[in-house]
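Down below is the structure, laid out as structure tokens.
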Amino acid sequence: MAPVTDTDEPVAALRRLLDLLAQGAPVEEFARPGAQARSAGAPAAVQAFVEEATGVALDIRRTLEQHRRREAELTALFDTAGDLAALRDLDAVLRAIVRRARTLLGTDVAYLTLNDPVVGDTFMRVTDGSVSAAFQQLRLGMGEGLGGLVAQTARPYASADYRVDDRFRHTSTIDSGVSEEGLRGILGVPLRVGTRVIGVLYAADRSVRDFAPDAVTLLSSLADHAAVAIDGARLLEETRTALVELNSATETARAQSEAMRLATETHDRLTDLVLRGGDVTDVAREVAALLRGGLVVHDADGTELARVATGPIGPPAQGVAASRSGGRAVPVDGVWVCAVLAGPELLGSIALTGRADLSDTDRRLFERTGLVTALLLLLRRSVAHAEDRVRGELLSDLLTPQSPGRTRDSGSQTIRARKLGVDLSHPHTILVLHCDAALRPRLSAETARHARALDGLAGLHEGHIVLLAPADRPGELARSLAAELGRALGAPVTVGSAGPADRPGGLPDVYAQAVRCLEALHALGHTGYGAALGDLGFVGLLLGEGGDVGGYVHQVLGPVIDYDAQRGTELVQTLRAYYTHGASLSKAKDALHIHVNTVVQRLDRIGRLLGEDWNSPARALELQLALRLHLLTKSAPPRPTA
């Protein structure tokens, strides 16, 4: 500064400039001291001094203004950092960052995009001041537009007027969104965590704006704070998620542990039940109580084996097939069904009622019941096979005729039979069963099941399926078995029977008669029926050894003989005369010395007693044979008594 001789005016000018600095006066106020010096006619040296002092004062003012602005920005940054640190929700953090950026830079719009590492682009996440829906949904590929370039290079970029700025790679999508929002001046800075860019923070105006370096620095500082806050919020969110997952995993582990404990306890209870000799019904009762429902167990043929706390239901074929295919229990119309399997073999099924909503734990328990039931059924089948083998061996011994020179050990047979629940002291009937060859295994199994139910024996003997049962009416039993087994197999079952035998020694002869009866049924075309030799009329009489003549006569003529005995009539004599004279009414009345009307009346009575077909050729033949035998038995001398 040049030396001054007159110090009053320069000192006064300096004082006024210092006062203006102290007051923070506007820039135009600093021109007044120089103007006053010129108007007062101050020497040129004084005027130069004042002008130079004014310049220095303006420089000081600019420096102070910059410091104040920087102080305000730092205060705002510290406040922002404190606000961001207090936030825990990621969305709240992002909204606070964008709102503070818009406030600090005084722009029309602020927004933030986050990088998508999977897709490889950056997408709009939060906006503040935006009015365009298309702009709010923008996605920018790496290197596209201003924001894509910032995300790719991790460097800040600014454009005073983006629409005409050819430094950036424009795309129709980005330009359309920016145009719809009406943006011109745009500043974008990277959000960085270490060396990794996680997104871009923007400040934008709807008018042309040249962003000063201070603005770039300010937004970059805010972005640095924001990136740390975003990463912290992300880590906190991940921690929360991890804690939730950990709690969920803990609960799952606890539930699985409880399920395993329950499964182990249930398994132990069922195993103990089986080891103590429990059957399918005992298992069903135990599981039904555990599952709080009703339980029905069927075998592979659909026969009910056990039922607890529910009404009778058939095995749902669709559910059994689905469970067999998938190996899991399946629901069908409110009923849970589980196939009972031994490898690929279907042993049966279990149906659970009253539990439409079955938890995973209960479902596994229900499926475990299927395994235990399979073991029981296999065990039962093994026992049944062993028992059937023993029964079959005893049956063969009983039906085999005594060899010459050997004495039958009937006492040993009786003891063996008693161990199997068979009492040979009662009269026993022999039944021989036949069906198509393809169905013989099923018929054999069904016959064995009926034998156990009848306290009898069943097995194969000389290629025949044979049933020995305590019964004194072989014909009735043969007919009922033929009908029942035919329904079970869905095919004709023919049953020939004979007996009863009062002692084990007579069983071979009775067996031979039963075989002849079966052969006669086939010869007569009576496939699918059951009968005893006595039911076959004179054919049975001829086939039988030591046949029951009196029984045959009574079977054919019994109603007529009984009528004569009760009323003292002569219907048998009239019938004999009628057939003796060739079914001639006139010859019969002459032989009987009665009126022809009386013969007609007697024959009507006989028809009502014997049935309308009494005079058919087949019935007439049997009636004539029975009349002859009746006459012979009446005239035969009595057998001597011992």
Side-chain angles (χ1 to χ4, degrees), residues 279-281 297-307 347-348 377 380-399 416-424 426-501 504 507 510-511 513-515 517-518 521 526-532 535:
D279 57 11
V280 176
T281 302
V297 183
H298 297 92
D299 65 11
D301 296 326
T303 303
E304 183 181 293
L305 301 179
R307 176 161 49 89
L347 300 179
L377 293 182
R380 191 179 75 164
R381 186 168 67 179
S382 299
V383 172
H385 285 170
E387 185 176 322
D388 289 343
R389 185 173 63 254
V390 174
R391 289 173 177 270
E393 292 172 354
L394 175 59
L395 181 64
S396 293
D397 289 347
L398 291 172
L399 300 184
R416 289 166 59 192
R418 188 176 297 118
K419 290 181 178 179
L420 296 174
V422 178
D423 188 356
L424 294 178
H426 296 294
H428 278 71
T429 289
I430 298 291
L431 301 100
V432 182
L433 303 92
H434 182 270
C435 68
D436 289 341
L439 297 175
R440 278 176 61 86
R442 285 190 59 193
L443 178 60
S444 180
E446 288 292 327
T447 303
R449 186 167 65 85
H450 279 77
R452 287 190 291 271
L454 294 170
D455 293 330
L457 299 173
L460 291 176
H461 183 67
E462 296 180 348
H464 294 294
I465 299 175
V466 182
L467 171 63
L468 171 70
D472 54 7
R473 295 184 179 181
E476 291 183 8
L477 182 57
R479 284 188 290 275
S480 65
L481 278 178
E484 185 175 347
L485 293 174
R487 287 192 298 270
L489 270 64
V493 175
T494 308
V495 183
S497 64
L507 290 175
V510 174
Y511 164 71
Q513 293 180 40
V515 172
C517 179
L518 178 65
L521 286 170
H526 294 334
T527 301
Y529 293 90
D535 301 324

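Along the sequence shown, the residues carry numbers beginning at 1. Everything numeric here is computed off the predicted structure, so don't read it as measured data.
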*Step by step, would you call L477 with S497 a side-chain contact (heavy atoms from CB on, under 4.5 Å)?*
CA-CA 8 Å; L477 182 57; S497 64; over 6 Å; no

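Between L433 and T494 the shortest side-chain heavy-atom distance does not fall below 4.5 Å. In this structure the side chain of L485 reaches within 4.5 angstrom of the side chain of L443, judged on heavy atoms. Proximity of P500 to H428: side-chain heavy atoms (C-beta onward) are nowhere separated by under 4.5 Å.
Residues that satisfy the ring-ring contact (aromatic ring centres under 6.0 Å, His included) test with H461, not counting sequence neighbours, are Y511.
Scanning both residues, A471 and T429, for their nearest heavy atoms gives O-OG1, 2.6 Å. Of all heavy-atom pairs between G530 and A482, the closest is N-CB, 3.7 Å. Of all non-hydrogen atoms in A438 and P441, the two that sit nearest each other are O-CD, 3.8 Å. When every heavy atom of A514 is checked against every heavy atom of A498, the shortest pair comes out as N-CB, 3.5 Å. Of all heavy-atom pairs between G463 and R440, the closest is O-NH2, 3.2 Å. When all heavy atoms of A451 and A458 are compared, the pair lying nearest together is CB-CB, 3.5 Å.
Between the D279 side chain and the T281 main chain, a donor and an acceptor come within less than 3.5 Å of each other.
Between atom CG of residue L481 and atom OG1 of residue T447 there is a gap of 7.5 Å, rounded to the nearest 0.5 Å. Annotation: the span from H298 atom NE2 to L305 atom CG amounts to 8.0 Å, rounded to 0.5 Å. Residue L521 holds its CG atom at 11.5 Å from NE2 of H434, rounded to the nearest 0.5 Å. Here CZ of R473 is found 12.5 Å from OG of S480. Values are rounded to the nearest 0.5 Å. The distance from the CG atom of L489 to the CG atom of D436 is 9.5 Å, given to the nearest 0.5 Å.
Between L467 and the choices L457, L454, I430, the side-chain contact (heavy atoms from CB on, under 4.5 Å) rule is met once, by L454.
Using a 4.0 Å cut-off between charged nitrogen and carboxylate oxygen, E446 and R449 count as a salt-bridge pair.
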